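Chain A is the first sequence line, chain B the second, and so forth, proteins listed ahead of strands; every chain is numbered from 1. Because the structure is a prediction, the values reported are computed rather than measured.
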Amino acid sequence: MSETPRHFIQQIIDADIASGKHQKIVTRFPPEPNGYLHIGHAKSICLNSGLATEFNGQFNLRMDDTNPTKEEIEYVDSIKEDVRWLGAEWNEHYYQASDYFDRMHADAIKLIKLGKAFVCYLSLEEMRLQKGDFKTPGKNSPTRDTNVEENLAAFEKMTRGEFDEGKAVLRAKIDMAATNEYLRDPVIYRIRKVEHHNTGNKWCVYPMYDFAHPLEDAYEGITHSICTLEFEKHRPFYDWVINTVNTPAKPQQIEFARLNITYTVLSKRKLLELVNEKHVSGWDDPRMPTISGLRRRGYSSSSIRKFCEVIGITKHNSLSDVALLEHAVRDDLNKTSPRFMAVLDPIKLVITNYPEGQTENLEAQNNPEDPAAGSRSIPFSKTLLIERDDFIEEAPKKYFRLTPGQEVRLRWAYYVTCTHCVKDATGKVTEVHCTYDPATKGGDSADGRKVKGTIHWVSAEQAGDVEVRLYDRLFMHENLNDLAEDDDWRKHLNPHSMQVIRGKVEPALLKLGQGSRVQFERTGYFCVDKESTSQKPIFNRTVSLKDSWAKQVVK
RNA sequence: AGUCCGAUGGUGUAACGGUAGCACAGGAAAUUUUGGUUUUCCUUGUCCAGGUUCGAAUCCUGGUCGGACUACCA
């Protein structure tokens, strides 16, 4: 009878609490530190930490670092930073799979002693051949029935480094005829003579994910081990490990659908390639769907959490419209970001009847959505800069901006009436001229006269110069999971995903620190880039404002 | 091909045998010192075929379509 609908995982937990199966729940987010976190991970982080919060349970952050050849400390650091930034609180519950290597090794020996694991000397290729396929059952390994003592000794030799890589593995002994291939005597330990970023050279045998993961969960007392759909078929082996090793805790694996977003790639491999092939400037390029990229782009963590809430949790694959993400950030930034005026494509506006050389300061509200945000003062003078497309000499119907004879409001300033424009030899408009009504100071007319249009401006003399980076979607193709095999996803990169321009801004904008999020009135939400300095201010466009006039024009 | 999983407007989701609802997107209007915001209204949906039932998105059967799986990766 709750107002908010409950997704299937919440329902499972509701039932587990009701039945007394668990008094307290424990969830975890277990990234492999081999890449940066992206918005798809955010979905999982919000889910797991959100459940822990909702049920007053515990949330663990755990590095799943069981493969020393792919993982790096750089990634560990970025993952922690991103999870923290998202607001998921792990408190003291930070763990690393590599911290459990001793216990896992002991549990592998336990399996050998139970007659449930054996050392196998088949080559990779031989093992593949003997595995069978959908139709045909696999063949038993020649060493499948080796006795416990020999297996123990052989595993000891593996552990001491007496075999070369690939010469021996430890396998679970289950059933080579199982319809689920993950039960056909899967490999649980392999030899890797590589330094591990955490355990150094202590080990040369490392556990496989399918063996390690259920144990990690059990060691930590995870009650609900939530993962993505592709692990569904691994669940029988997950349960086999838990039950055969007979761990005190019995975590339950639950799968949900991973996130897909239109015009976006969310595979670690492709993101890595975007970085390595220099299609973007790095993992935190503002066009990247990584957490660090979104953050640099100006997304707030609350907008990302909101997005994750809105898309829901299900068991079927779907493709979320990127507009949902953009809506979440606009909605948040509308309420929270202060407004400023910035002109991105300037053209001169001369107020012919305004006194030459005079400057006055005008008061502007910082955020109409939030009176508590206060106000600021903006310099005004005879020569202003306005947006080039806020003037059209021969305007279409319903055009509310400047055109000869039309009166508009300069935001927070005066009503002005356009008189004419000045053009250069090529016919390009170089100046717009107008007259102002001194009685409309502040942007209001005492006689009740209305204007349809309000435009933004900056005072030419006082305006600051800034670099503005206009970002657009990285890809032009809607569903990048749906390409033909011979179709390279790189061919769908948007060549105009970043446009760098010079803008003119009101002075107050120059005082902002890196990461500040603002709205440029009538244009969009922007934030101060991390490369921004007082000598060279840089603004990133997070997302444009909705523009119903632009839609009108298209029609 | 086999096994498993799934299918609700254009998109993402809710409804747990009893009025198909919400959000986004799209459209129309009102308000507006941002053609923003806000408000109101509108368009569009239960994969198909049978069955059970007074009643089916929901349960059953069979199809169709989609996804996952054939690593000493996670």
Side-chain angles (χ1 to χ4, degrees), chain A residues 4-7 11 30-32 34 64-67 69-71 97 120 122-124 127-128 131-136 165-171 178-182 184 186-192 205-206 208-210 212-213 227-236 255 257 262 268 307 310-328 330-331 334-335 339 341 364-365 368-369 398-401 409-413 415 440 442-445 450-456 478 481 519-524 544-553:
Chain A
T4 49
R6 303 188 61 66
H7 58 69
Q11 293 181 29
E32 182 188 15
N34 69 343
D64 206 355
D65 53 357
T66 54
N67 185 347
T69 62
K70 293 170 66 178
E71 296 145 10
C120 175
L122 255 22
S123 70
L124 240 167
M127 212 185 298
R128 205 190 329 267
K131 189 133 197 181
D133 57 29
F134 298 132
K135 273 295 207 191
T136 47
E165 275 189 27
K167 293 301 180 198
V169 293
L170 184 68
R171 289 226 254 168
T179 49
N180 182 329
E181 288 91 351
Y182 291 104
R184 318 245 261 227
V187 173
I188 60 177
Y189 256 93
R190 81 292 212 183
I191 298 166
R192 283 284 174 278
V205 291
Y206 292 92
M208 298 288 294
Y209 168 86
D210 279 326
H213 208 84
C227 62
T228 45
L229 249 26
E230 65 266 32
F231 292 104
E232 216 160 14
K233 273 193 108 168
H234 299 235
R235 189 170 0 112
E255 310 86 14
T262 53
K268 272 192 185 177
F307 170 73
V310 164
I311 53 173
I313 301 295
T314 66
K315 287 192 70 153
H316 56 265
N317 307 327
S318 58
L319 180 63
S320 292
D321 194 331
V322 70
L324 239 40
L325 217 208
E326 291 173 348
H327 173 260
R330 282 195 188 101
D331 195 42
N334 175 51
K335 295 180 193 114
R339 273 63 171 169
M341 292 201 282
Q365 245 185 80
E369 301 291 314
K398 299 250 220 96
Y399 183 80
F400 302 146
R401 286 111 96 157
R409 170 168 37 237
L410 294 177
R411 183 96 159 138
W412 307 121
Y415 283 12
T440 55
D444 246 327
S445 171
K450 297 283 184 202
V451 289
K452 293 285 269 182
T454 300
I455 66 170
H456 61 279
E478 187 173 36
N481 297 323
Q519 185 194 97
F520 288 178
E521 295 227 29
R522 303 210 302 135
T523 307
S544 64
L545 246 36
K546 284 212 273 187
D547 188 349
S548 52
W549 172 246
K551 277 183 202 160
Q552 192 68 230
V553 171

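- In RNA chain B, stems built from 3 or more consecutive Watson-Crick or G-U wobble pairs, each with both distances under 3.5 Å, span B:2-7 with B:64-69, B:10-13 with B:21-24, B:26-30 with B:38-42, B:47-51 with B:59-63.
- Dashed line: the shortest gap from a side-chain N or O of A:Lys452 to OP1 or OP2 of B:rG35 is not under 4.0 Å.
- Counting non-hydrogen atoms under 4.0 angstrom, A:Asp444 reaches a base of the nucleic acid.
- Residue contacts for A:Lys268: at a heavy-atom cut-off of 4.0 Å it reaches no nucleic acid atom on any strand shown.
- Atom name P, nucleotides B:rA14 and B:rC22: the rounded distance is 15 Å, in whole Å.
- Of the candidate nucleotides B:rG26, B:rU70, B:rC72, B:rU70 has the atom lying nearest to any side-chain atom of A:Asp133.
- Distance CZ (A:Arg235) to C1' (B:rU3): 14 Å, rounded to an integer number of Å.
- At a threshold of 4.0 angstrom between heavy atoms, the contacts of A:His234 include nucleobase atoms, whether or not backbone atoms are also involved.
- A:Leu122 comes within contact range of at least one nucleobase, with a heavy-atom separation under 4.0 Å.
- Proximity of a side-chain donor or acceptor of A:Thr66 to a complementary backbone N or O of A:Tyr209 within less than 3.5 Å is not detected.
- A:Phe134 does not qualify as a stacking partner of the B:rA1 base, lacking a centre-to-centre distance under 5.5 Å together with planes within 30°.
- When the C1' atom is compared between B:rA28 and B:rA20, the two are found 25 Å apart, to the nearest whole Å.
- With C1' as the reference atom, B:rU8 and B:rA23 are 15 Å apart, rounded to whole Å.
- Scanning atom types as modelled, no donor and acceptor separated by under 3.5 angstrom connect the side chain of A:Glu369 and the base of B:rU38.
- Of the candidates B:rA74, B:rG35, B:rG6, the closest approach to any side-chain atom of A:Lys315 belongs to B:rG6.
- Between A:Thr262 and B:rU11 there is no side-chain polar atom (N or O) within less than 4.0 angstrom of OP1 or OP2.
- Between the side chain of A:Arg522 and the base of B:rG35, no donor-acceptor pair under 3.5 Å is found.
- Among the protein residues, A:Lys398 comes within range of the nucleic acid bases, having at least one heavy atom under 4.0 Å from a base atom.
- Counting non-hydrogen atoms under 4.0 angstrom, A:Val169 reaches a base of the nucleic acid.
- Once rounded to the nearest 0.5 Å, the distance linking NZ of A:Lys398 with CH2 of A:Trp549 reads 8.0 Å.
- Counting any heavy atom pair closer than 4.0 Å across all strands shown, A:Thr66 reaches sugar-phosphate atoms only and no base atom.
- Nucleic acid contact for A:Pro368: base, since at least one base atom lies under 4.0 Å from a heavy atom of the residue.
- The line from NE2 of A:His456 to CG of A:Leu410 is 11.0 Å long, rounded to the nearest 0.5 Å.
- Across all strands shown, A:Arg171 has no heavy atoms under 4.0 Å from either base or sugar-phosphate atoms.
- B:rU44 and B:rG21 are spaced 15 Å apart, taking the C1' atom of each and rounding to whole Å.
- Ring stacking is absent between A:Tyr209 and B:rA74, as the pair misses the limits of under 5.5 Å between centres and under 30 degrees between planes.
- Note on A:Tyr182: only backbone sugar-phosphate atoms sit closer than 4.0 angstrom, heavy atoms only; bases stay farther off.
- A:Leu325 has its CG atom 12 Å from the P atom of B:rA25, to the nearest Å.
- Across the C1' atoms, B:rA25 and B:rU58 are found 28 Å apart, a figure rounded to whole Å.
- Within the 4.0 Å cut-off from OP1 or OP2 of B:rU34, not a single side-chain nitrogen or oxygen of A:His456 is found.
- At a threshold of 4.0 angstrom between heavy atoms, the contacts of A:Glu165 with the nucleic acid are absent.
- OP1 or OP2 of B:rU70 has not a single side-chain nitrogen or oxygen of A:Arg184 nearer than 4.0 Å.
- Heavy atoms only, all atoms of each residue included: A:Lys546 and A:Arg330 are closest at N-NE, 3.9 Å.
- For B:rG63 and B:rU3, the P atoms lie 11 Å apart once the distance is rounded to whole Å.
- Residue-level contact check: A:Glu230 touches the backbone only, with heavy atoms under 4.0 Å from sugar-phosphate atoms and none from bases.
- Across the C1' atoms, B:rC47 and B:rU64 are found 7 Å apart, a figure rounded to whole Å.
- At least one side-chain nitrogen or oxygen of A:Arg128 sits closer than 4.0 Å to the OP1 or OP2 atom of B:rA71.
- Atom C1' of B:rC42 sits at a distance of 28 Å from the matching atom of B:rA7, rounded to the whole Å.
- The CD atom of A:Gln552 sits 7 Å away from the P atom of B:rA28 (whole-angstrom rounding).
- The NZ-P distance, from A:Lys546 to B:rU34, rounds to 16 Å in whole Å.
- Among the heavy atoms of the strands, none lies under 4.0 Å from A:Phe307.
- With sequence neighbours left out, A:Ser445 forms a side chain to side chain contact (heavy atoms under 4.5 Å, CB included) with A:Tyr415, A:Thr440, A:Asp447, A:Arg449.
- Between the base of B:rU3 and the side chain of A:Lys233 there is a donor-acceptor pair shorter than 3.5 Å.
- Residue contacts for A:Lys135: at a heavy-atom cut-off of 4.0 Å it reaches the sugar-phosphate backbone alone, with no base atom in range.
- Between A:Arg190 and the phosphate of B:rC73, there is a side-chain N or O to OP1/OP2 separation shorter than 4.0 Å.
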Could you encode protein contacts along nucleotides 12-17 of chain B as a string, one character per nucleotide from 5' to 3', using B for base contact, S for sugar-phosphate-only contact and - for no contact, with a heavy-atom cut-off of under 4.0 Å? SSS-B-
